[in-house]
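Worksheet: one structure, shown below.
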Amino acid sequence: MTLRQAHDARVDGLPGGGYAGPARHVAIIMDGNGRWAKKRLLPRAVGHKRGVDAVREVVRAARHMGLEALTLYAFSSENWKRPEDEISDLMGLLRAFIRSDIDEFAANDVRLKVIGDYKGLPADIVTLIEDALARTAHNTRTTLAIALNYGSQQEIARAAAAAAAKGDVTVAAIEAELDTADLPPLDLLIRTSGEVRLSNFLLWQAAYAEMWFTDVLWPDFTPGHLREALEHYATRERRYGGR
Ligand code: FPP
């Protein structure tokens, strides 16, 4: 076997290179709620609340634009380090969001999915989530995956352990155990608010994703910004390591 053939076995699962075209799966690190509020001398909680309004509009836009999956980083496993009142505000917003928006998802063929260790959230939210997952499980138009109590390193460790327990620690076997295993490959990762880092989000899935960093603060992010990122994405040449 030549060196090239040995490597082909490894990259077999990757698509060929070429122009990206329409994205199937977009993920967003929704950053800047606090700064949005601070600029207006408002409490951080107001920034988060406006952040939820932006979430709602962007989910609608994702559906209209035909995205198969949208993954949003709503609460990281490191966010527990925030002050208790802020955690409680975020949990309250999550609770209200699921209650108020689940009917819209159900009516519009949106499947809700959660990645991360959501069972570590308050018990009533776990129940709300599980009801919402069950209600939308058969929807197929767009999957809205919300990352809750999510850490990518933890996800990879869990997946590797599960793969090892089955005696197969290959790339494909680990990938099949990730929380995102049933989603299309990640095409585009967006981060708002001018920070340029991944913050323990989708580290494995981002291996060949395109990245889009914008200075726009999350509450100001509109469907127009999503469209701009998607239009840019479509023109990107993806090589997956080839040339
Ligand atoms: C970053 O802003 C954002 C978060 C900590 C989480 C994002 C949460 C929401 C948009 C609201 C809840 C979401 C749902 C789906 C109900 P930051 O506080 O880190 O902003 P800063 O860096 O400007 O302080």
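These figures come from a predicted structure and were not determined experimentally. All residue numbers in this chain count up from 1 along the given sequence. Both ligands and their constituent atoms are indexed starting at 1 by order of listing.
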Can you pull out the closest protein heavy atom to [atom]? Residue, atom name and distance to 0.1 Å, please.
atom                    : answer
atom 20 (O) of ligand 1 : Gly34 N, 3.0 Å
atom 1 (C) of ligand 1  : Met30 O, 3.2 Å
atom 12 (C) of ligand 1 : Val52 CG2, 3.8 Å
atom 22 (O) of ligand 1 : Arg35 NH2, 2.9 Å

May I ask you to check if ligand 1 and [X] share an N or O to N or O distance below 3.5 Å?
X     : answer
Arg44 : yes
Asp31 : yes
Asn33 : yes
Phe97 : no

* Asked: Do Arg82's NZ or CZ and the ring of Trp80 fall within the cation-pi criteria of under 6.0 Å and 45°?
  -> no
If you measure from the Lys or Arg side-chain nitrogens to the Asp or Glu carboxylate oxygens, is any gap between [X] and [Y] under 4.0 Å?
X      : Y      : answer
Asp117 : Arg158 : no
Arg50  : Asp220 : no
Asp215 : Arg191 : no

* In terms of ring plane angle, is the pair Tyr240 and Tyr208 parallel, tilted or perpendicular, where the classes change at 30° and 60°? ->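 Tilted.
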* Does any donor atom in the side chain of Arg227 or Thr222 lie under 3.5 Å from an acceptor atom in the other side chain? -> no
* State whether a side-chain donor-acceptor pair under 3.5 Å links Arg63 with Thr142. =>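 Note: Arg63 and Thr142 side chains miss the donor-acceptor criterion.
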* Any Ala74 heavy atom less than 4.0 Å to ligand 1 ->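 Within the 4.0 Å threshold, so yes.
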* Looking at ligand 1, does Arg82 have a heavy atom less than 4.0 Å from it? -> yes
* Ligand-side contact atoms (ligand 1) for residue partner His48, heavy atom cut-off under 4.0 Å -> 11 (C), 18 (O)
* Derivation and outcome, side chain to side chain donor-acceptor pair (under 3.5 Å), residues Glu86 and Asn79 -> CA-CA 10 Å; Glu86 183 171 358; Asn79 284 152; over 6 Å; no
